[in-house]
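Data first, discussion second: the structure below is written as structure tokens.
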Amino acid sequence: MTLRMTMTMPAVPRIQLGSNGLEVSKIGLGCVGMSATYGPPKPEPEMIKLIHRAIDSGVTFFDTSDFYGPYTNEILLGKAFKGVRERVEVATKFGVRLKDDKLEIQGHPRYVREACEASLKRLDIDCIDLYYVHRIDIEVPIEVTMWELKKLVEEGKIKHIGLSEASASTIRRAHSVHPLTAVQTEWSLWSRDLEEQIVPTCRELGIGIVAYSPLGRGFLAAGPGFIQDLAESDFRKRFPRFKQQNLEQNKHIYNRICEMADRKGCTAAQLALAWVLQRGEDVCPIPGTTKIDNFDQNIGALMVSLTSADKAELESYATGDIVKGDRHAFMSQTWMNSETPPLPLWTSMEGSSAEALA
Ligand code: ATR
């Protein structure tokens, strides 16, 4: 597969995410793989070079979390943003942590504040542009978490609030406390479960949609071959879709995308990304990469135009009955199992929440 559509770098458009004035590049950069999750951490100078390359290309929306590393990814970004803070939009997340080697999801107001202050220090910035609840704590009413986030907005520590992997009803409840700017959920040719409820809810409420894993964690870009070469520490080894018996079926999806990419004169990665980019003006995919060549190739997706027939054909390659295996394994909480308890009457006043939950 060649690197077509990278000869001329496209201008990266800017979009409004949500209705509260957050402007970001139409395509962002997912940074987790630079420090964790996808194999060992990558060399810091190279990652800083990649981040600067992205900024110079017009990709200014960076996605991290305190959980990535944990912590080291935020520290890396903090170093990379020295001297260029004004040119970037920084999105980070809180709410998932390792405690005694177990994953814990935390939405308690006291934890929200501590996590935010720690992220600000690691990122070495005064204000986080977009602060997401990484996963929803099903023991804490979402309103209670949002009250604290709203206070952080009022104090100038965060500018915008987002939720990641939240159900439509959680989105509505959270939005009624303070307008959400973005909802982040997996969205790609082979992960489309959000389309029925999450996307229409976001559109009704004017909330932007940030699509993570738009390349199917690399599969839609590189095919089954790369799974065999993954480091033992790479989390993808545990993903159902990458288990051998499922790969046997799923590899046909990749092969068909490659055939169409050949016809269109682009790469499989560009085709898969173009499909997400063209879901709407309110959609911002954040493909992850640790390589400048792949980054350059990915922004070439902005130059791939897809007709309705192209899109329908692509979608037919990866319908629900064709894709084998769940999209998630570790941290298997997704929007589908993330309802929070109703707000008890005695906590119906903002500010009384932290004490009530203590
Ligand atoms: P996530 O949001 O979880 O990071 P993703 O964006 O769907 O997932 O895919 C990220 C993976 O795609 C990474 O493993 C990345 O590998 P590199 O760091 O080696 O680039 C891979 N990837 C990204 N762009 C690619 C491209 N153009 N060709 C091949 N692999 C690519």
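When a residue number appears, it is its place in the shown sequence, counting from 1. Whatever order the structure lists them in is the order used to number ligands and atoms, beginning at 1.
- When only modelled atom types and interatomic distance are considered, Arg14 and Thr60 share a side-chain donor-acceptor pair under 3.5 Å.
- Only side-chain heavy atoms of Arg236 come within less than 4.0 Å of ligand 1; its backbone N, CA, C and O stay farther off.
- Side-chain contact check for Glu186 and Ser213: no donor-acceptor pair (N or O, by modelled atom type) lies under 3.5 Å.
- Contacts between Asn298 and ligand 1 below 4.0 angstrom, taking non-hydrogen atoms only, involve the side chain exclusively.
- At least one N/O-N/O distance between Gly288 and ligand 1 falls below 3.5 Å.
- Proximity of Tyr38 to ligand 1, defined as any heavy-atom pair under 4.0 Å, is confined to the side chain (atoms from C-beta onward).
- For residues 199-214, the pairs satisfying salt bridge (Lys or Arg N to Asp or Glu O under 4.0 Å) are Arg172-Glu204, Arg203-Asp282, with sequence neighbours left out.
- Shown in contact with Thr290 at under 4.0 Å from a heavy atom are these atoms of ligand 1, numbered in order with element: 17 (P), 18 (O), 19 (O), 20 (O).
- When Ser213, Ala301, Gly218 are ranked by how near their heavy atoms come to atom 9 (O) of ligand 1, first place goes to Gly218.
- Short contacts between ligand 1 and Thr289, defined as distances under 4.0 Å to a heavy atom of the residue, involve ligand atoms 17 (P), 18 (O), 20 (O), 23 (C).
- Residues Asn73 and Thr64 bring a donor and an acceptor atom of their side chains to less than 3.5 Å of each other.
- Both the backbone and the side chain of Pro214 come within 4.0 Å of ligand 1, judged by heavy-atom distances.
- For Ala269, every heavy-atom contact with ligand 1 shorter than 4.0 Å involves the side chain, none the backbone.
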